[in-house]
Amino acid sequence: NPKMHARGLHKRVLRALMVDPEAYSPRNRILGLSQQAATLLPPFSLYHGTADATVPAQQTLDMAKALSAAKVGVGRVVMMEGKSHTDPILEDPAGGTDPLMRELIGLVKTGHSGHSGRDGGGC
């Protein structure tokens with residue numbers, strides 16, 4: 001849907017899903033973890049579309065910084081050129097091309113997060 005790609009998810013939908021988006025922010029949740037809890041987390045791989053009109057791509061970069069600040073491993077940060085918020089879950093699978101799924105399957109098959117630190121057991 002070209003309209004969905006250009007405009008992103010409607011803000012009303014987001015508000016219906018999350019009354020208080022800041023309370024559900026993964027970045028804020030990571031920053032609120034105790035050091036002991038943070039050490040239990042595996043390395044994260046982060047993916048974001050550069051054409052995302054719903055959630056700015058900068059938020060993924062901020063998440064990577066928050067993970068690093070909490071001493072949680074960041075396996076990889078992948079900015080998917082031209083991808084919107086819904087491309088990986090709607091448009092790409094429906095259209096028969098799914099670069100995110102290919103990437104994730106590759107991580108699962110190799111059992112490698114791209115992080116050379118502690119082993120998080122995959123992606």
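Residues take their numbers from the sequence shown, with the count starting at 1. Computed from a prediction, not measured in an experiment: that's the story for all the values here. Below, all heavy atoms of this structure are taken into account, side chains as well, without hydrogens, waters or symmetry copies.
- Here M79 contributes atom CE and L46 contributes atom CG; the two are 9.5 Å apart, rounded to the nearest 0.5 Å.
- Among residues two or more places apart in sequence or in another chain, the salt bridge (charged side-chain N to carboxylate O under 4.0 Å, His left out) test is passed with D92 by K83.
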Q: May I have the step-by-step check of side-chain contact (heavy atoms from CB on, under 4.5 Å) for R76 and Y47, ending in yes or no?
A: CA-CA 8 Å; R76 57 193 305 155; Y47 298 84; 3.8 Å; yes

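- Listed here is the closest heavy atom pair of H48 and V55: NE2-O, 2.8 Å.
- The shortest heavy-atom contact between V77 and A64 is CG2-CB, 3.9 Å.
- Scanning all heavy atoms of the two residues, the minimum distance from P93 to D98 falls at CG-OD2, 3.4 Å.
- A 4.5 Å side-chain heavy-atom check between M80 and L100 finds at least one atom pair inside the cut-off.
- Two different hydrophobic clusters hold L41 and L31 under the rule that ILVMFWY side chains link at heavy-atom gaps under 4.5 Å.
- M101 and L107 are members of different hydrophobic clusters when ILVMFWY side chains are connected at heavy-atom separations under 4.5 Å.
- Across A38 and A70, no two heavy atoms sit closer than the pair CB-O, 3.4 Å.
- Side chain of D52 to main chain of G49: no donor-acceptor pair is present (N/O by atom type, distance under 3.5 Å, no hydrogens or angles).
- At a cut-off of 3.5 Å, with distance as the only test, no side-chain donor of H85 or T54 sits close to an acceptor on the other residue.
- Within 6.0 Å of the CD atom in Q58, the count of heavy atoms belonging to other residues, nucleotides or ligands exceeds 12.
- Closest heavy-atom contact between T50 and G82: OG1-N, 2.7 Å.
- With contacts defined as side-chain heavy-atom distances shorter than 4.5 Å, the pair K109/I105 qualifies.
- Within a 6.0 Å radius of CD in Q35, other residues, nucleotides and ligands contribute more than 12 heavy atoms.
- The two residues G75 and P43 make their nearest non-hydrogen contact at N-CB, 4.2 Å.
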Q: Could you give me the CA-CA distance, side-chain angles and deciding distance for V78 and S45, then say whether side-chain contact (heavy atoms from CB on, under 4.5 Å) is met?
A: CA-CA 8 Å; V78 178; S45 292; over 6 Å; no

